[in-house]
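Working notes for the structure below.
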Number of protein chains: 2
Amino acid sequence: MAFIAPDNLPELLMRDISEKIIRNALKPGERILEAKIAEEMGVSRSPVREALRILEKNRLVELVPRKGARVTAITAQHIEWFYDIYEALYGLVARKAAEYADDDDLRQMAVALDRIEQAAEKGDVHEYYNGIFEFAGVGMRAARNPLLEQTLKELWPSNRRIQYASLQFRKDDLKQNVRFFQAMAKYAAEGNGPMAEKEIRKYAQNEKAFALRIANGKKMGKSD
Amino acid sequence: MAFIAPDNLPELLMRDISEKIIRNALKPGERILEAKIAEEMGVSRSPVREALRILEKNRLVELVPRKGARVTAITAQHIEWFYDIYEALYGLVARKAAEYADDDDLRQMAVALDRIEQAAEKGDVHEYYNGIFEFAGVGMRAARNPLLEQTLKELWPSNRRIQYASLQFRKDDLKQNVRFFQAMAKYAAEGNGPMAEKEIRKYAQNEKAFALRIANGKKMGKSD
DNA sequence: GAATTGCATATTGTCGACAATCGACAATCA
DNA sequence: TGATTGTCGATTGTCGACAATATGCAATTC
């Protein structure tokens, strides 16, 4: 099979399939056949199965015993569900991060913020997304709650999937969104938890509304 | 091995191991050997591996590639982390359930509440716990957010584990806690989201404090 | 013609075997 | 002595084969 040293086969496979789902190359409701993936990647079904378990944890596929794996649906409703949770959990992150962030955290936050600002300036949407995930990662670590971090990271793929769908519509308002991250960094530095949380909640609602406009404007994937 | 038709082997194995971890028969940090479980249960390692993946999703074990599975730690910090998330997510549940609950939901809630009240009356702690999980389940469904439901259910095993540890100290204050569930049912019926959320947050902080007292070895006021 | 049954095929579930890797301890060397 | 390397048993990773189950389609029945 491949030439790369397969450091961790299931993880590798997972990432590959993950990317396909996020990019909508594998459509919602579509069935994923173990044997097919295994052959494509030149491995046996065992690591593919493990990859599917991970994807299930990340909510990109649904596993039904004896029926196999299907790409999870993603509708306007899913987007609403997602952002309501997003708001609650990142609200907690914001509050705790403002409470616990040390100088090192703030420095990393500044780096991520810079990245976001520059990407927004250039209109580079991909880089912008990378930046906000970096920012989120720093914030999560600063919140000093690994369980929260894990829970949130399991939702990242869903987040990326939703964002990917609205990618081409995003360009216009990048600069506007940058202000949120600037505000977040500021509140973290000041240790102003309540305002940080409030700001996040507003942001989440904005993002939800944005994603919903897209989802309702153009039909996303279909099933069956 | 057994005579039962193994409808879903990984699930069965998962439940068995799950219970052992929750009851502390498998201790935090303890290694779980695939071959050992497989032999004990009279199955091959394949279904055991899948069970371990599920347990990882439920945060009862940690899976490190090429090192195997270990029972996750559970310390005072873990308890704090857990209840902070608990508060955020059940806060959302409470708010949404108060908004969306229909007559059927309220009826089921009343049934669960009754179960809780009777268990508290009898001092039956196990039944009390069953009751509150039933209550939580109804509330989650009433909140009309399957993603939230899934996320929360993946945290149930952690919840049970924490509660199990404080089992024998629980008896005294069951009746006091009952008032909380009565209040929740009331707010749900009234559609009073904000108060429901506020009540949940208070409850979560109480539970956190209680669990922490136990974890720190202090026997809640009364010496012993 | 619609629903039901029975089969052939496709797909998932489980197994046992072997390969790759890890951890601990012994042997070696500076 | 103390650090490094080598070796061996224990354990996880991957595989291919077979068993169990589901699915789609054609034949059958009413």
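The chains referred to below are lettered A, B, ... by the order of the sequence lines, with proteins before strands, and numbering in each begins at 1.
Atoms CZ (B:R31) and P (D:dA10) sit 12 Å apart, rounded to a whole Å. The interatomic distance linking B:L13 (CG) with C:dT14 (P) rounds to 9 Å, in whole Å. The interatomic distance linking B:N8 (CG) with D:dT21 (P) rounds to 12 Å, in whole Å. When rounded to the nearest whole Å, the span between CE of B:M14 and P of C:dG13 equals 15 Å. When rounded to the nearest whole Å, the span between CZ of A:R70 and P of C:dT12 equals 10 Å. Atom pair A:E50:CD and C:dT12:P shows a separation of 16 Å (rounding to whole Å applied).
Checking the phosphate oxygens (OP1, OP2) of C:dT14, no side-chain nitrogen or oxygen of B:S44 falls inside 4.0 Å. Remark: B:K67 is in phosphate contact with C:dG23, judged by side-chain N or O atoms under 4.0 Å from OP1 or OP2.
In this structure, a donor-acceptor pair under 3.5 Å is absent between the side chains of B:E134 and B:N130.
Across the interface with DNA chain D, nearest-nucleotide mapping of B:S46 and B:A35 shows B:A35 to be the residue nearer the 5′ end.
A:L52 comes within 4.0 angstrom of nothing in the nucleic acid, heavy atoms only.
Note on A:E127 versus A:K122: no salt bridge recorded, every NZ/NE/NH1/NH2 to OD/OE distance being 4.0 Å or above. Contact check on A:K20 versus A:D16 returns a salt bridge, with a Lys/Arg side-chain nitrogen under 4.0 Å from an Asp/Glu carboxylate oxygen. Looking at A:D84 and B:K96, a side-chain N of the basic residue comes within less than 4.0 Å of a carboxylate O on the acidic one, giving a salt bridge.
For D:dG13, the base has a donor-acceptor partner in the side chain of B:R45 [N/O atoms by modelled type, under 3.5 angstrom].
Proximity note for B:E34 (side chain, C-beta onward) versus D:dG13, C:dT11, C:dT14: the nearest is D:dG13. With C:dT12, C:dC22, D:dC15 as the choices, the nucleotide that has an atom nearest any side-chain atom of B:R66 turns out to be C:dC22. Checking D:dT12, D:dG13, C:dT11 against every side-chain atom of B:P65, the shortest atom distance belongs to D:dG13.
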